[in-house]
Amino acid sequence: MIDVLRFEDHEVAAILAHEVQRQKTTLNMIASENSAPLAIMAAESSLFSNKAAEGYPGRRFHAGCQYTDAIETLAIQRAKDLFQAEHANVQPHSGVNANMAVYFAMLKVGDPILSMKLDHGGHISHGAAMSLTGHCYQFTHYGVHRETELIDYEEARSLAKAHHPKMIVGGASSYPRLIDFAALREITDEVGAYLLIDMAHIAGLVAAGIIPSPVPYADFVTFTTYKTLMGGRGGMILCKKAYASKIDRAIFPGTQGTPAIQSIAAKAVCFQRAMSPEFRQIQAQIVANAKRFAQALGNAGYRLVTGGTDNHLILIDLRGTGLKGNSAEALLEKIGILTNKNVVPYDPESPMVTSGLRFGTPALTTRGLKEPEMDRIAAIVHQAFSQPDNDDLLRRLQAEVQDLCQAFPLYQELDATS
Ligand SMILES: *Cc1c(COP(=O)(O)O)cnc(C)c1O
């Protein structure tokens, strides 16, 4: 495929070649990223992207949809089987679209919603002021305890009783612990609201049964397919049968037009893979790697938000180290380790600076790295943080990162065929 592109447009092909090289020669610890298998890439770049197919299987607004219907029906069935869900909509283009559609399906503009604070680990699509979600609905936010940094369910309960939300949203982007879905369900029932759980980050761990599933508790579950789940780019909605037609109408024609059939094909492949023992093993290893990496950083003296992790991500508080989130991110990028600056709860710094750094293990685990490598990388990070201005040291660390990249090649299959 890359050869076809090179022939047609070498400017784009050259940028793509650099990107491939960049991915191969860096250690990706961005918690929201992963490396999708080539079978998923193949589906994503398939001729299905030529197809316009407004509507749903059997009810389309364009001719020629027999195989489009077949692929969408297969993706829906696999999603339902994988997550034991009553209904699945596979059309959302992204996680934000999925959340928007759930709000739009069930609420009126201006209705109250209760969700987790963005700066305590929530997501922009949970009512941030700069998001359309924040413009359209009246959000209030619960957060985490100042001492334990765990979700304050009592605060959520009292806010729910005071504000009478029509919907309660659970789920987060930088929360390293398990979320108590049963507790959120209880609060939701006490105030007669709907419960939406956004499991974007943890969908792979849930699919593999490594951590509890929100599906039995929530009226709606949204997620993205490209994080721990290892699929291509896209969003998803699961819901109870009673809400199926409202949800479907909120996606099309409510908030989207033609679905991306090539992404739906990739989702079908993704859900099939997610039922395999190999996938389960990878997901278990993601958590084992995260715990090991957290332990190694903790032993080196770093303060871990909540004291550790139960999932795929680790958030460290850099206060007292002389580094900020942004400078730490840049420093690690210099030696080939990719992370992202992230606010910690009650962070005095702005979101562009931050006191925290978020690490994730999904992409490294996909690449085959295990506990010994987590210890090695934690040691590299610690050395870099201890002497950020020692260029000789940084060069040696960069070489060590390259050794790891070569020992655990990304997309070996590609190298074998080219
Ligand atoms: C990553 C994430 C999303 C993202 O959706 P995109 O639109 O695909 O970027 C939504 N919700 C949460 C909690 C996330 O972490």
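The shown structure was predicted, so the numbers you read here are calculated from the model rather than taken from an experiment. Numbering of ligands and ligand atoms starts at 1, following listing order.
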Going by the 4.0 angstrom heavy-atom rule, the piece of Ala172 near ligand 1 is backbone

Gly235: heavy atom below 4.0 Å from ligand 1, yes or no? no

Closest heavy-atom approach to atom 1 (C) of ligand 1 among Lys227, His123, Met199 is made by Lys227

Do the ring planes of Phe220 and Tyr243 sit parallel (below 30°), tilted (30 to 60°) or perpendicular (above 60°)? tilted

Around atom CZ of Arg319, are there more than 12 heavy atoms from other residues, nucleotides or ligands closer than 6.0 Å? yes

Show which atoms of ligand 1 fall inside a sub-4.0 Å distance from at least one heavy-atom site of Ser173. 12 (C), 13 (C), 14 (C), 15 (O)

Measure up the Phe83 and Phe223 rings against each other and bin them: parallel (under 30°), tilted (30 to 60°), perpendicular (over 60°). tilted

If you measure only the distance, is there a donor-acceptor pair under 3.5 Å linking the side chains of His382 and Tyr302? yes

Numbering the atoms of ligand 1 from 1, which are under 4.0 Å from a heavy atom of His201? 15 (O)

Working for salt bridge (Lys or Arg N to Asp or Glu O under 4.0 Å), residues Glu72 and Lys51: CA-CA 12 Å; Glu72 183 164 351; Lys51 194 71 202 87; over 6 Å; no

Indicate, as side chain, backbone, both or neither, the part of Val96 found under 4.0 angstrom from ligand 1 when only non-hydrogen atoms are considered. both

Counting only heavy atoms not in Phe252 (residues, nucleotides, ligands), do more than 12 fall under 6.0 Å from its CZ? yes

Is the closest side-chain donor-acceptor distance between Thr306 and Arg177 under 3.5 Å? yes

Please report which non-hydrogen protein atom sits nearest to atom 11 (N) of ligand 1, along with the residue it belongs to and the distance in Å to one decimal place. Asp198 OD2, 2.6 Å

I want to know if ligand 1 touches Gly171 in the polar sense, i.e. an N/O pair below 3.5 angstrom. no

With a 4.0 Å cut-off on heavy atoms, does Phe223 reach ligand 1? no

Aromatic ring pairing Phe139/His141, orientation class (parallel under 30°, perpendicular over 60°, tilted between): parallel

Contacting atoms of ligand 1, where contact means under 4.0 angstrom from a heavy atom of Thr224: 4 (C), 5 (O), 8 (O)

What protein heavy atom sits nearest atom 8 (O) of ligand 1, and how far away is it? Tyr226 OH, 2.8 Å

